[in-house]
Amino acid sequence: MLDIQTLRNDVNQVAARLATRGFVLDTAKFAQLEAGRKAIQTRTQELQAKRNSSSKLIGQAKAKGEDTSAIMSEVANFGDELKQLEAQLERVQHELNTFLSVIPNTPHDSVPVGKSETDNVEVRKVGTLPQFNFEVKDHVSIGEQLGLDFDTAAKISGARFSLLKGGLARLHRALVQFMLDTHIEQHGYTEVYVPYLVNADSMRGTGQLPKFESDLFSVNAGMVFSSEELAQIEEDRKKEQEQREKGLPVTHMLRTKGANTFYLIPTAEVPVTNIVRDEIVPLEKLPMKFVAHTPCFRSEAGAYGRDTRGMIRQHQFDKVELVQIVHPEKSYEGLEALLGHAEVILQKLGLPYRVVKLCTGDMGFSAALTYDIEVWLPAQNTYREISSCSNFEAFQARRMQARFRNAQGKPELLHTLNGSGLAVGRTLVAVLENYQQADGSVVIPEVLRPYMGGMEKLAP
RNA sequence: GGAGAGGUGGCCGAGAGGUCGAAGGCACGCCCCUGCUAAGGGCGCAUACGAGCUUAAACUUGUAUCGAGGGUUCGAAUCCCUCCCUCUCCGCCA
């Protein structure tokens, strides 16, 4: 969420910055909503003040045993108007809120302007590309011999799921352990174990809702209703519909009933960052650095047809996620450090990669600046995203009301950062492809061997 | 799943229809006293949003907020309804 003050002071400037990322800010709509809000709010508060002072007088008069009918009829005169105004105010504020909550973050000044990933800027290339004196296979062909089984996964669940067996499953686990240990022992992160099902407030906090609901999986726990309850729900639904038609604020009777709707996390960013939602963190606790290993669930509704082969794009994958909660003045420093922490994993694994700075058009909704790390995949003869490290500045913190107490003792919004360190499935793919041998076996990177019982290679 | 008790400011905790944004305490900030890592005293100290003033801050003022949402009332932290959450005991369970 952007700062509404900034929008009021300088809509055009904000609109221009948002335009660079392909978002058209409806400034006329904003002006209209603001004008409406202002007029209604001023008048409403005026009447509320009048009502409050009258009520106070009534209280005093009653205490003395005096007659209060004159004052009470005066209040009754504007009672209806006030009720209407309060309803109108709520409606316009709700509209304004909805309007604000779908505006993406403004890009940092250093972000290259561009339309798509082709406009991203390469920051550096690290590592040397492996040479093969045989025809390279992709991870699907290599994996088939080693325990990667899409057919069984499809039987159990469906498309875009995978099943790993034997050494491959262990290698997957070894990657997780290696990543976690590195970040905990060498980079100073605190490991956290978090819920994989979260509520809607958490999803709103980090920006997945309300705009990207279709990318998420949701579950309704214990939603078994008796016939009376079903009838009640139907009635509530009608009531809500009527309220909408009359233009009254909707009371969301259904929403409270459905409060046991959970969302499966699309990334650990959601539960981990929401640790500080509605909190005021003491200054000396900053920066907070968390690392978590979680599965991630994405419906990727819009991505069908892309990466259909293999485990590049799955409904479920594991990720080790780095999150930092920092002082606003330290967030860009923190981002560089965090990016470095993710890179270390690739360096230790001996995987060649490059770092790109995303252009305005390719950045995610909540980010002010994003670096992607792309790992070399020999079979695709290209670099593919394996980590995304972003500074969200105060965008998420404002939605979450995540604050710290500054040196003056006043609450101030935090900055939030996160990045994959790394996506485990894709790292497994990269290991398979980069360490493949002519005989179909795969050499295990040295840093992983302690986690593999000393094993040096996976052989068919 | 059953029974009960609760949710109030950064924290603890009173308040049980009127002058309550909310006593008291802790923590924190400024000041005084003391002169040594003790103690005492005074003052201040919620957040969001609006209006005024302003370059801005400060300030003044208004409104809202006592788990959330509805309702009753001239007036709700306090009464009613719905929901959420926490704790205790029992049951079940990895």
Side-chain angles (χ1 to χ4, degrees), chain A residues 1 3-10 33-83 85-90 92-94 96-97 100 193 195 198-202 204 220-226 228-229 232-233 235-236 239-240 242-243 248-262 276-285 394 397-413:
Chain A
M1 192 121 72
D3 181 16
I4 192 162
Q5 303 288 5
T6 314
L7 274 168
R8 287 189 187 124
N9 292 339
D10 212 348
L33 283 171
E34 261 295 280
R37 190 225 90 227
K38 198 164 171 173
I40 296 164
Q41 182 166 353
T42 310
R43 179 67 184 146
T44 307
Q45 293 194 348
E46 223 170 81
L47 290 185
Q48 283 171 330
K50 219 157 113 186
R51 182 203 56 200
N52 288 350
S53 60
S54 298
S55 292
K56 208 165 261 187
L57 287 177
I58 292 170
Q60 285 165 357
K62 283 219 165 152
K64 291 184 209 150
E66 291 167 4
D67 175 51
T68 58
S69 55
I71 294 188
M72 281 172 71
S73 70
E74 198 186 309
V75 176
N77 276 337
F78 61 81
D80 284 346
E81 189 192 352
L82 181 55
K83 254 192 193 123
L85 279 170
E86 281 175 340
Q88 275 180 40
L89 183 61
E90 193 182 321
V92 76
Q93 272 173 339
H94 182 76
L96 201 52
N97 208 31
L100 287 174
Y193 171 81
V198 302
N199 58 34
D201 282 342
S202 294
R204 260 190 295 276
N220 292 307
M223 293 287 273
V224 181
F225 295 113
S226 65
E228 290 83 16
E229 283 170 325
Q232 183 62 48
I233 287 170
E235 202 173 299
D236 289 347
K239 249 185 233 169
E240 283 191 17
E242 275 170 35
Q243 284 176 324
L248 293 168
V250 178
T251 46
H252 296 308
M253 288 158 283
L254 284 171
R255 191 126 341 149
T256 49
K257 278 218 178 62
N260 48 0
T261 296
F262 292 113
V276 291
R277 172 155 57 85
D278 293 321
E279 296 289 332
I280 299 176
V281 182
L283 185 59
E284 63 272 16
K285 287 233 174 120
R398 190 169 293 111
R399 291 173 160 244
M400 290 192 298
Q401 281 304 296
R403 295 168 295 176
F404 69 102
R405 215 167 271 286
N406 66 20
Q408 287 73 45
K410 289 287 164 203
E412 197 181 322
L413 292 172

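Letters A, B, ... are given to chains in the order of the sequence lines, protein chains preceding strands, and every chain is numbered from 1. Being a predicted model, the structure only gives us computed values, none of them experimental.
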- Indicate, with a heavy-atom threshold strictly under 4.0 Å, whether A:P411 touches base, sugar-phosphate, or nothing.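 Sugar-phosphate contact only.
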
- Give RNA chain B the dot-bracket treatment, 5' to 3': Watson-Crick (N1-N3 with N6-O4 or O6-N4) or G-U (N1-O2, O6-N3) under 3.5 Å, [ ] crossing, | other strand. ((((((((.[[[..)..(.....]]].(((((.......))))).(((((((......))))))).[[[[[..)....]]]]])))))))....

Output a table of donor-acceptor pairs, distance under 3.5 Å, between side-chain atoms of residues 35-42 of chain A and any protein atom two or more places apart or on a different chain; print 'none' if there are none.
from	atom 1	to	atom 2	distance (Å)
A:R37	NE	A:Q41	OE1	3.0
A:R37	NH1	A:E34	OE1	2.8
A:R37	NH1	A:E34	OE2	2.7
A:T42	OG1	A:K38	O	2.6

How far does the [atom1] atom of [N] sit from the matching atom of [M], given to the nearest Å?
N     : M     : atom1 : result
B:G71 : B:C26 : P     : 42 Å
B:G52 : B:C43 : C1'   : 28 Å
B:G7  : B:G67 : C1'   : 6 Å
B:A64 : B:A76 : C1'   : 14 Å
B:G62 : B:G10 : P     : 22 Å
B:U54 : B:C45 : C1'   : 25 Å
B:A39 : B:C33 : C1'   : 11 Å
B:A77 : B:G17 : P     : 13 Å

- Query: So, for A:M400 and A:R277, which heavy atoms are closest and what is the spacing to 0.1 Å?
  - Reply: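 Closest pair (atom of A:M400, atom of A:R277, distance): O-CG, 3.3 Å.
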
- Item | Of A:K83 and A:R403, the one whose closest RNA chain B nucleotide lies more 5' |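 Its nearest nucleotide being more 5', the pick is A:R403.
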
- Can you list the residues that meet the salt bridge (Lys or Arg N to Asp or Glu O under 4.0 Å) rule with A:E412, with sequence neighbours excluded?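 Not a single residue meets the salt bridge (Lys or Arg N to Asp or Glu O under 4.0 Å) criterion with A:E412.
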
Between protein and nucleic acid, restricted to nucleotides 13-19 of chain B and to nitrogen or oxygen atoms under 3.5 Å apart, what atom pairs and distances do you find?
from	atom 1	to	atom 2	distance (Å)
B:G18	N2	A:S55	O	2.9

Mind listing the N/O atom pairs, protein and nucleotides 63-67 of chain B, below 3.5 Å?
from	atom 1	to	atom 2	distance (Å)
B:U63	OP1	A:N52	ND2	3.3
B:U63	O3'	A:Q48	OE1	3.3
B:U63	O2'	A:Q48	OE1	2.8
B:A64	OP1	A:R51	NH2	3.1
B:A64	OP2	A:N52	ND2	3.3

Below 3.5 Å is the cut-off: list the nitrogen or oxygen pairs between protein and nucleotides 51-60 of chain B, distance only.
from	atom 1	to	atom 2	distance (Å)
B:A51	OP1	A:K38	NZ	3.1

